[in-house]
Amino acid sequence: MTPRMYALPEELNGNDIKEIRKTLNLTQAEFSHLVHVSKKTVERWETGEKAITGPIVTLVHIFKEQPQWPKHLRIPDKTAPMRLWYMHKEDICTIIDVDERARQVAVYNFTAKPMFQAFGRVEQPDFAQYEEFLESRCFPRSRDKLKLELKRLDLPFYDPLMIIAKTEGRMAEDDFWIRIER
């Protein structure tokens with residue numbers, strides 16, 4: 001038998017799963033999404049007699065110690081006509097809900113690293129800061145041969161949101177990008 005390397009239980013039972021799911025106030029379907037298994041797996045865990053092992057043991061331990069953690073990861077309902085997903089590779093860094101008519105912005109950060117957040121340390125940006133952010137993810141207005149670049153993108157004029165829609169806000173030298181959802 002190999003010695004324990006971490007202070008974690010080696011297995012769980014169905015009641016452990018049900019208990020943590022209820023502590024987190026999640027349905028079986030919601031819990032299944034959180035831990036990346038099927039709803040049927042959660043049902044089987046909760047009603048089965050067999051010991052439960054694997055990565056779920058570590059996750060349940062974390063959830064017991066930090067029950068607020070899953071709430072921090074929950075993607076909020078869309079509150080505006082447009083949502084921007086600011087990504088680093090495949091990780092969600094910031095979600096930005098935008099109402100252009102009302103000139104309102106709501107920001108939800110999913111990383112504690114300010115360098116990975118769309119607005120850095122600014123937690124409640126105003127509309128002008130949002131517009132600056134959009135421009136920061138495009139080539140500059142002062143770019144040499146701007147009209148040629150716009151023509152290449154099949155755009156009639158310089159508009160940061162339209163440019164991001166075409167380029168995903170991808171810049172050379174970084175792995176950040178933006179997905180627009182309307």
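Owing to the predicted nature of the structure, the values given are computational and were not obtained by experimental measurement. Counting begins at 1 with the first residue of the sequence.
- Cluster annotation: Val105 and Tyr108 are assigned to distinct hydrophobic clusters (Ile/Leu/Val/Met/Phe/Trp/Tyr, side-chain heavy-atom contacts under 4.5 Å, transitive).
- Nearest heavy atom pair, residue Arg21 against residue Val42, reads CD-CG1, 4.5 Å.
- Defined by atom type and a distance below 3.5 Å, a donor-acceptor pair is present between the side-chain atoms of Gln68 and Gln66.
- Contact record, Arg137 with Gly169: NH2-O, 2.9 Å, taken as the closest heavy-atom pair.
- The ring-ring contact (aromatic ring centres under 6.0 Å, His included) pairs that include a residue from residues 13-44 number zero, where partners must be two or more places apart or lie in different chains.
- Under the 3.5 Å distance criterion, the side-chain polar atoms of Glu46 are left unmatched by any main-chain donor or acceptor of Glu43.
- Every ring-ring contact (aromatic ring centres under 6.0 Å, His included) that Phe116 has, sequence neighbours left out, goes to His88, Phe176.
- The two atoms that bring Ala80 and Val98 nearest to each other are CB-O, 3.2 Å, heavy atoms only.
- Of the possible donor and acceptor atoms, none in the side chain of Asp175 sits under 3.5 Å from a partner among the backbone N and O of Lys89.
- Phe133 has its ring centre no less than 6.0 Å from the ring centre of Tyr130.
- Side-chain contact between Pro55 and Thr58 is absent, with no heavy atoms from C-beta onward closer than 4.5 Å.
- Look at Lys145 and Glu149 and you find no salt bridge, because none of the NZ, NE, NH1 or NH2 atoms lies under 4.0 Å from a carboxylate O.
- In this structure, Asp77 does not pair ionically with Arg83, as no charged nitrogen and carboxylate oxygen lie closer than 4.0 Å.
- Glu135 has its side chain within reach of Tyr158: a pair of non-hydrogen atoms, C-beta onward, lies under 4.5 Å apart.
- Within the 4.5 Å cutoff, the side chain of Glu181 has no heavy atoms near those of the Met82 side chain.
- When all heavy atoms are compared, the tightest approach of Phe110 to Leu73 is CE2-O, 3.6 Å.
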